[in-house]
Amino acid sequence: GRPARQVLSLSVGRPRAASSARCRARLQRRMSTIVAQRGVESVEELEAAPCSTYDEPREVACFSRDADRHAHLNQRSQLHAFVRPELGIDLNAGFDEFVDKAPGAGAPLGDVIGALAQRGVDTTRAHFITYRNNLNKIMGTPYNARDAWEVGVSRHGRTVHLHVLEQREQREREAARSRQDRLMAYWGLAFETAATASEHTAKEDRVVNANAEFCSVAQTKLGGTRLFIAAEVDCERRGFGDTGGGKHAIRNYIELKTTKVLAEERDRRTLERFKMCKWWLQSFLLGVPKVIVGFRSEDGILRKMQDFEVKQLPKFVHGAWKPRVMLNFGSEVLAWVYESVVGVGAPAGRYVLSYKPEEHRLSLRIAAEGEVPDPPSVGDHAGAVPATSATQQLSPPQRPAAPAPLAATEPAKLVDEADDDDGMPPMDPRRVTSPPEDPRIVSSPPVDPRRAAKRPRGASH
């Protein structure tokens, strides 16, 4: 069942690990702002519960950010067509000219709200407005219990905004990255550039700029929680001259990933247990149907490419992770956060939702001044829909009647809510394709000529 909400006393005992008065004072200040806490259920508990439903996301707005981080609302100029690159390309090329994302660029919700307002979308019907990044953190926790994270929370009427926050430790790690670390991160961006085409610029003339991006804004529902989710999209399947868009636009979107060739059994286990889990969750949340993976060598040469249907990914991992576990945990946490922030007696202000691995629990505390940004409300944008009146208040997330449990091997499904009035399109069964090739076939990378030269004379090739 759902863990009970715990409201903590403002007093705090003597911290165990504090070795100084300064540490004790800091801990006491933080504990005094905690609103609620909850534990993290075990994977077994989450797997045993009926699987939460998830409506197919439908794109309702979008925006493009140019190389200078300026947002162009409801424009698709930064969404490029997928063009399969040639194998053997060097992903190191262009690193010296690479333009990394501007420090402190962040992911402001103001662009999301502005795009929705320009389209006349009534955001007061949603329980949450968020970037996908926040849901990745929350829903991935049962299988990624070692990484701490924080999410900013602010209440606007009866709609809750979730803000992307970077922890200090994360910023310090980014600043301390070596050249090799930055180069390996660049390989993924270089692959995205090599796998996309622009009507205006040839691929070989494009400088990799991490600031430019296209974001889709979709509406969906997890269990009883209505969501607007914004997420970056790598590319789409279309021809030149096709402007894309439309209510089924997401069905043409493609997620691009890179990973090293699978040279050992350990590489395959890492791919299945960790990377495929993240790929599935990231793609599933926006409804992206396909992930195309570029397998690269240790020195950044593209050796192989493989296409994966997102729906088929859970079948490759031999039970290492289950979609229902992440969906159930996400549904429970969002309902708990909403009740804690919007419920009767909830203190006003902004909050920080955090997970600490050493405690294995989630905490919701009141944010310090300036810790959580204050994005413009819907009413601040031209063409915005008026706020909901007091007689039309949004109801809290409702848990639907428990559906029949899924079979242990059955992947979670996007569903269409026929009784809803939000026009969610049903999943097209024709888009369910046969399973992709077994990823283990990539475990034999091409022979490195430098290693081949060291083989004994007469050894077979």
Side-chain angles (χ1 to χ4, degrees), residues 5 33 35-36 57 60-63 71 73-74 106-135 137-138 150-165 215-231 285 330-331 333-354 362-398 422:
R5 175 184 174 189
T33 63
V35 175
V60 292
C62 65
F63 59 92
L73 304 184
N74 295 301
L109 271 180
D111 297 336
V112 180
I113 296 170
L116 289 168
Q118 191 180 82
R119 286 282 178 88
V121 178
D122 183 2
T123 58
T124 61
R125 297 183 64 225
H127 296 101
F128 290 91
I129 301 176
T130 181
Y131 277 96
R132 178 179 58 187
N133 178 280
N134 294 319
L135 300 182
K137 295 175 183 176
I138 294 170
E150 290 185 342
V151 172
V153 182
S154 62
R155 172 181 171 179
H156 300 264
R158 296 186 65 83
T159 299
V160 176
H161 296 176
L162 300 182
H163 307 268
V164 177
L165 299 181
C215 286
S216 172
V217 184
Q219 71 177 48
T220 184
K221 187 162 71 171
L222 173 58
T225 304
R226 292 183 178 274
L227 302 160
F228 283 109
I229 300 176
L285 284 173
S331 179
V333 170
L334 290 178
W336 169 73
V337 170
Y338 191 86
E339 177 185 344
S340 301
V341 173
V342 182
V344 176
R350 300 178 184 86
Y351 309 80
V352 173
L353 173 66
S354 63
L362 304 181
S363 296
L364 184 68
R365 62 175 175 83
I366 297 175
E369 185 69 26
E371 190 175 10
V372 174
D374 183 20
S377 65
V378 176
D380 292 338
H381 296 274
V385 178
T388 307
S389 67
T391 59
Q392 296 176 317
Q393 288 186 339
L394 180 66
S395 301
Q398 299 294 322
D422 55 8

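Being a predicted model, the structure only gives us computed values, none of them experimental. Any value given below was found using the heavy atoms of this structure, including those in side chains, with hydrogens, waters and symmetry copies removed.
- Although no hydrogens or angles enter the test, the distance criterion places no donor-acceptor pair under 3.5 Å between the side chain of H161 and the main chain of I129.
- With values rounded to the nearest 0.5 angstrom, K137 atom NZ is found 9.5 Å from T130 atom OG1.
- In this structure, Y338 contributes its side chain and R158 its backbone to a donor-acceptor pair below 3.5 Å.
- The distance from atom NE2 of H127 to atom CZ of R226, rounded to the nearest 0.5 Å, is 7.5 Å.
- Rounding to the nearest 0.5 Å places CG of L73 at 8.0 Å from CZ of F63.
- A salt bridge is defined here as a Lys NZ or Arg NE, NH1 or NH2 lying under 4.0 Å from an Asp or Glu carboxylate O, and E371 with R365 meets this definition.
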Would you please test V337 and F128 for side chain to side chain contact (heavy atoms under 4.5 Å, CB included) and show each step?
CA-CA 10 Å; V337 170; F128 290 91; 4.1 Å; yes
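- One finds the OG atom of S154 at 7.5 Å from the CG atom of L109 (value rounded to the nearest 0.5 Å).
- S363 is linked by a side-chain hydrogen bond (donor to acceptor under 3.5 Å, both in side chains) to Q37, counting only residues two or more places apart in sequence or in another chain.
- Put simply, the residue from V121, T159, I113, T220 that forms a side chain to side chain contact (heavy atoms under 4.5 Å, CB included) with F228 is V121.
- Nearest heavy atoms, V164 versus A107: CG2-CB, 4.2 Å.
- Atom-to-atom distance recorded for C215:SG and I229:CD1 is 13.0 Å, nearest 0.5 angstrom.
- Note that NE2 of H163 and CZ of R350 are 7.5 Å apart. Values are rounded to the nearest 0.5 Å.
- For the side-chain contact (heavy atoms from CB on, under 4.5 Å) test, residues two or more places apart in sequence or in another chain that qualify with A61 are N74, A115, L116, R119, V217.
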